[in-house]
Amino acid sequence: MTVPKPAGTAAGDLLAAVHMTDVFGNTAGMTGATGFTQEGVTYSGAGSCFGKVWQRQADGSEGSSFSFGNPDTSIVMMLAITGHNGFTPFDVTATWSDGGANQTAHVAPSISPSLGGCLLVCAWASTVSTGTPAPTYTSPGGMVEQADSGWTGFAFAALATEVLAAGGSTGTRTATCASSGSNNYTSLSLAIAPAVSSGGRSPRALSQYGGFF
């Protein structure tokens with residue numbers, strides 16, 4: 001599965017990719033693109049999508065697209081993030097959750113970043129056998145939707161971000177699924193640490209691309 005590099009990516013940006021595969025796939029086949037390393041743990045849900053998070057720093061040599069392994073219907077949602085801590089970019093690594101079938105409220109878990117100014121990243125993924133009604137997501141209030149794959153023939157996913165004013169518990173983030181007949185869902189939350197300089201913490205600036213197979 002080929003995923004284009006987010007438009008506007010510059011050297012030094014953090015490329016963070018959320019990789020979801022449906023329940024008929026496998027985690028072994030979810031391989032990262034060249035130069036990417038896995039961040040945090042692999043998620044293997046009971047009846048929900050498998051999940052991984054990949055990351056690398058852009059340096060200008062990475063090319064215009066990336067090839068990820070797709071053992072079955074797979075979706076990769078990629079962010080290019082600036083203003084992050086280049087030494088320890090993840091303040092909180094991927095925290096996974098899941099939920100049952102036939103729900104429209106898909107809940108991403110609460111996490112507790114240590115710093116204000118972190119970028120909260122949440123994602124949701126599920127499967128459904130029909131594209132009617134279109135299985136899309138509406139992101140939680142206060143979050144900016146960065147990717148919504150729409151229906152790929154079975155799986156679908158979305159990703160949203162929010163700049164956090166303070167550290168501590170974020171509370172859960174609930175996305176609304178347009179399909180009430182979807183199967184079990186997978187969700188995640190993570191936090192990107194801000195850069196710190198004598199002038200204070202840098203604001204978030206990012207671009208995105210949602211790639212799917």
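Worth saying up front: this structure is predicted, and the values here are computed from it rather than measured.
Panel note: side chain Ser182, backbone Ser126; no donor-acceptor pair is recorded below 3.5 Å. Listed for the Ser149 side chain is a donor-acceptor partner under 3.5 Å among the backbone atoms of Ala157. Between the side chain of Thr186 and the main chain of Cys49, a donor-acceptor pair closer than 3.5 Å is present. Of the possible donor and acceptor atoms, one in the side chain of Ser187 sits under 3.5 Å from a partner among the backbone N and O of Val107. Formation of a donor-acceptor pair under 3.5 Å by the Ser110 side chain with backbone atoms of Gly171 is found in this model. Using modelled atom types, no side-chain atom of Ser61 and backbone atom of Asp59 make a donor-acceptor pair closer than 3.5 Å. Using a distance-only test at 3.5 Å, with no hydrogens or angles considered, a donor-acceptor pair links the side chain of Asn184 to the main chain of Ala101. A donor-acceptor pair is defined here as one N or O able to donate and one able to accept, closer than 3.5 Å; no such pair exists between the side chain of Asp91 and the backbone of Ile192.
The minimum heavy-atom distance between Cys177 and Gln103, with the atom names listed, is CB-O, 4.3 Å. Annotation for Ala193 and Thr88: closest pair CB-O, 3.6 Å, computed over non-hydrogen atoms. What you find for Pro6 and Met78 is that their closest heavy atoms are CD-SD, 3.6 Å. Closest heavy-atom contact between Cys118 and Pro194: SG-CD, 3.7 Å. The two residues Ala155 and Thr127 make their nearest non-hydrogen contact at CA-CG2, 3.9 Å. When every heavy atom of Ala16 is checked against every heavy atom of Ile81, the shortest pair comes out as CB-CD1, 4.4 Å.
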Next item on the list: For side chain to side chain contact (heavy atoms under 4.5 Å, CB included), just list the numbers for Gln55 and Leu15, CA-CA rounded to whole Å, side-chain angles, deciding distance to a tenth of an Å, and then say yes or no.
Entry: CA-CA 5 Å; Gln55 62 97 7; Leu15 294 171; over 6 Å; no

Notebook entry, point to check: For Ser189 and Thr95, what are the C-alpha separation, side-chain angles and deciding distance, and is it a side chain to side chain donor-acceptor pair (under 3.5 Å)?
Noted result: CA-CA 5 Å; Ser189 298; Thr95 300; over 6 Å; no

Note to self: For a side chain to side chain contact (heavy atoms under 4.5 Å, CB included) check, start with the C-alpha distance between Arg173 and Leu120, then their side-chain angles and the critical distance, and finish with the verdict.
What the structure shows: CA-CA 10 Å; Arg173 295 292 188 274; Leu120 174 65; 3.8 Å; yes

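Hydrophobic clustering (side-chain heavy atoms under 4.5 Å, transitive across Ile, Leu, Val, Met, Phe, Trp, Tyr) keeps Leu164 apart from Val144. Following chains of ILVMFWY side-chain contacts shorter than 4.5 Å, one can reach Val92 starting from Trp124, so the two form part of one hydrophobic cluster. Following chains of ILVMFWY side-chain contacts shorter than 4.5 Å, one cannot reach Val128 starting from Phe50, and the two form parts of different hydrophobic clusters.
Under the rule for a side-chain contact (heavy atoms from CB on, under 4.5 Å), Thr31 has no partner lying at least two apart in sequence or in another chain.
In this structure, the side chains of Val53 and Gln38 stay at 4.5 Å or more apart for every pair of heavy atoms.
Within the model, atoms CD of Glu62 and CG of Asp13 stand 9.0 Å from one another, a figure rounded to the nearest 0.5 Å. Between atom CG of residue Asn70 and atom OG1 of residue Thr21 there is a gap of 7.0 Å, rounded to the nearest 0.5 Å. Atoms CG and OG1, on Asp148 and Thr138 in that order, are 8.0 Å from each other to the nearest 0.5 Å. Put simply, OG1 on Thr42 and CE on Met30 are 7.5 Å apart, with the number rounded to the nearest 0.5 Å.
Salt-bridge annotation for Glu39 and Lys52: absent, with no side-chain N of the basic residue lying under 4.0 Å from a carboxylate O of the acidic one.
Ring geometry for Tyr137 versus His106: interplanar angle over 60°, hence perpendicular rather than tilted (30 to 60°).
Sorted by first and then second residue, the pairs that involve residues 26-47 and meet ring-ring contact (aromatic ring centres under 6.0 Å, His included), not counting sequence neighbours, are Phe36-Phe66, Phe36-Phe68, Tyr43-Trp96.
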